[in-house]
Amino acid sequence: LIEAGLIIGLPVVGLLLFHSIKSNRNNLLLALSLFCIWYTLFINYLHVTTLIINYPYLERTGGITAYNIAPFFYLFTRNTFYPGNFWKKWDWLFFVPSIFYCIDLAPFFFSSNDSKIAVLRAFINDNKLMFAVSKGWITTGGFHLVFRYLWGLFVIILQIRLILRNWNFE
């Protein structure tokens with residue numbers, strides 16, 4: 001299932017990026033949201049197949065895109081209802097959680113590949129460690145796993161509210 005999503009997802013994102021953006025600039029936001037889904041799925045695939053050992057520098061980068069899936073999709077929906085202003089002044093606030101994630105895990109991101117491989121080998125032996133995300137220097141283990149879902153839920157609720165407010169019930 002993951003492989004099918006990866007194989008189908010890349011051409012869809014490419015088609016949106018290189019063809020549909022010419023006709024509608026808003027499709028860039030949809031393409032970015034779909035790319036974030038694809039990349040997060042790709043990182044999960046590397047974990048499931050343990051191929052992540054060969055690419056230790058990609059470890060924990062899927063969290064960045066996972067935080068950005070819902071905001072890009074919300075902005076796409078908002079711009080579909082209200083075309084004209086592609087990016088508003090406060091839209092960058094949607095990306096504060098992914099920036100915080102990068103800051104929190106900066107020591108891990110800047111660590112050597114050898115230390116990342118050691119962490120990955122521990123993950124392979126005990127999958128529960130993978131979800132703890134305890135390599136941050138600000139948050140406790142498991143924070144990002146829970147907060148990522150809460151953040152996505154919050155943005156989806158905003159999106160549902162936006163859709164209901166603009167739905168023509170007549």
Side-chain angles (χ1 to χ4, degrees), residues 5-6 8-47 55 57-111 116 130-170:
L6 290 173
I8 293 169
L10 202 54
V12 169
V13 171
L15 185 65
L16 276 169
L17 280 176
F18 298 113
H19 179 68
S20 297
I21 290 175
K22 294 175 187 173
S23 62
N24 185 355
R25 191 172 81 159
N26 192 34
N27 286 340
L28 173 64
L29 296 169
L30 179 60
L32 287 171
S33 181
L34 291 175
F35 174 77
C36 288
I37 292 169
W38 183 88
Y39 186 79
T40 304
L41 190 61
F42 174 68
I43 296 300
N44 285 334
Y45 172 76
L46 291 178
H47 277 281
Y55 309 100
Y57 47 86
L58 294 178
E59 176 61 11
R60 299 292 183 208
T61 59
I64 300 166
T65 54
Y67 270 117
N68 293 331
I69 295 168
F72 279 130
F73 197 60
Y74 171 83
L75 293 172
F76 166 76
T77 304
R78 186 199 63 202
N79 290 346
T80 300
F81 285 120
Y82 305 108
N85 195 0
F86 183 73
W87 192 264
K88 293 186 178 182
K89 186 165 99 172
W90 300 104
D91 286 347
W92 65 272
L93 290 174
F94 279 115
F95 304 99
V96 168
S98 61
I99 294 168
F100 175 70
Y101 178 82
C102 291
I103 292 168
D104 186 29
L105 294 177
F108 179 77
F109 289 140
F110 291 118
S111 66
K116 289 177 187 172
M130 185 182 329
F131 298 109
V133 191
S134 58
K135 295 298 173 186
W137 63 284
I138 300 172
T139 61
T140 60
F143 171 82
H144 289 289
L145 178 68
V146 173
F147 186 68
R148 193 168 38 233
Y149 286 108
L150 292 175
W151 174 246
L153 179 64
F154 171 72
V155 176
I156 288 170
I157 289 170
L158 288 178
Q159 185 167 8
I160 290 169
R161 189 174 147 244
L162 177 72
I163 291 169
L164 291 176
R165 192 170 10 146
N166 290 284
W167 192 276
N168 187 1
F169 290 106
E170 297 173 16

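Side chains are part of it too, since the values below use all heavy atoms of this structure and drop only hydrogens, waters and symmetry mates. Small disclaimer: the values here were computed from a predicted structure and weren't measured. If you read the sequence from its start, that first residue is 1, and numbering goes on from there.
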Tyr39 meets the side-chain hydrogen bond (donor to acceptor under 3.5 Å, both in side chains) criterion, sequence neighbours left out, with Thr61

Taken to the nearest 0.5 Å, the spacing of Phe81 CZ from Ile163 CD1 works out to 5.5 Å

The reported gap from CH2 in Trp90 to CH2 in Trp92 (rounded to nearest 0.5 angstrom) is 7.0 Å

Output for pair (Leu32 CG, Cys36 SG), nearest 0.5 Å, gives 6.5 Å

Heavy-atom nearest pair, Asn68 first then Ser98, reads OD1-OG, 3.1 Å

Minimal heavy-atom distance between Asn26 and Leu75, with the atoms involved, is OD1-O, 4.1 Å

Closest heavy-atom pair, Trp151 versus Tyr67, reported as atoms and distance to 0.1 Å, is NE1-O, 3.4 Å

Rounded to the nearest 0.5 Å, the CZ atom of Phe147 sits from the OG1 atom of Thr139 at a distance of 10.5 Å

May I ask you to test the Ile156-Tyr74 pair for a side-chain heavy-atom distance under 4.5 Å? no

d(Ile157 CD1, Leu162 CG) to nearest 0.5 Å is 13.5 Å

Here the pair of heavy atoms bringing Asn79 nearest to Phe86 is ND2-O, 2.9 Å

Can you check side-chain contact (heavy atoms from CB on, under 4.5 Å) on Phe73 and Val155, steps first, answer last? CA-CA 9 Å; Phe73 197 60; Val155 176; over 6 Å; no

Return yes when atom CZ of Phe95 has more than 12 non-hydrogen atoms of other residues, nucleotides or ligands closer than 6.0 Å, and no otherwise.
-> yes

- Message: Classify the ring geometry of Tyr101 against His144: parallel below 30°, tilted from 30° to 60°, perpendicular beyond 60°.
- Response: perpendicular

- Message: Can you tell me if Trp87 has over 12 outside heavy atoms packed within less than 6.0 Å of its CH2?
- Response: yes

Sequence neighbours excluded, the answer for side-chain hydrogen bond (donor to acceptor under 3.5 Å, both in side chains) partners of Asp91 is Arg78

CG of Asn44 to CZ of Phe42, rounded to nearest 0.5 Å, is 11.0 Å

Quick note, salt bridge (Lys or Arg N to Asp or Glu O under 4.0 Å) partners involving residues 34-43, not counting sequence neighbours, are none

Tyr55 meets the side-chain hydrogen bond (donor to acceptor under 3.5 Å, both in side chains) criterion, sequence neighbours left out, with none

Tyr82 meets the side-chain hydrogen bond (donor to acceptor under 3.5 Å, both in side chains) criterion, sequence neighbours left out, with Asn166

Tightest non-hydrogen contact, residues Ile69 and Ser33, listed as O-OG, 3.0 Å

Taken in chain and number order and not counting sequence neighbours, the residues that satisfy ring pair (Phe, Tyr, Trp, His ring centres under 6.0 Å) with Tyr45 are none

Note: Lys116 and Phe109 closest approach over all heavy atoms is NZ-O, 2.9 Å

Check: Sub-3.5 Å donor-acceptor pair from the side chain of Asp104 to the main-chain atoms of Trp137, do we have one?
Finding: yes

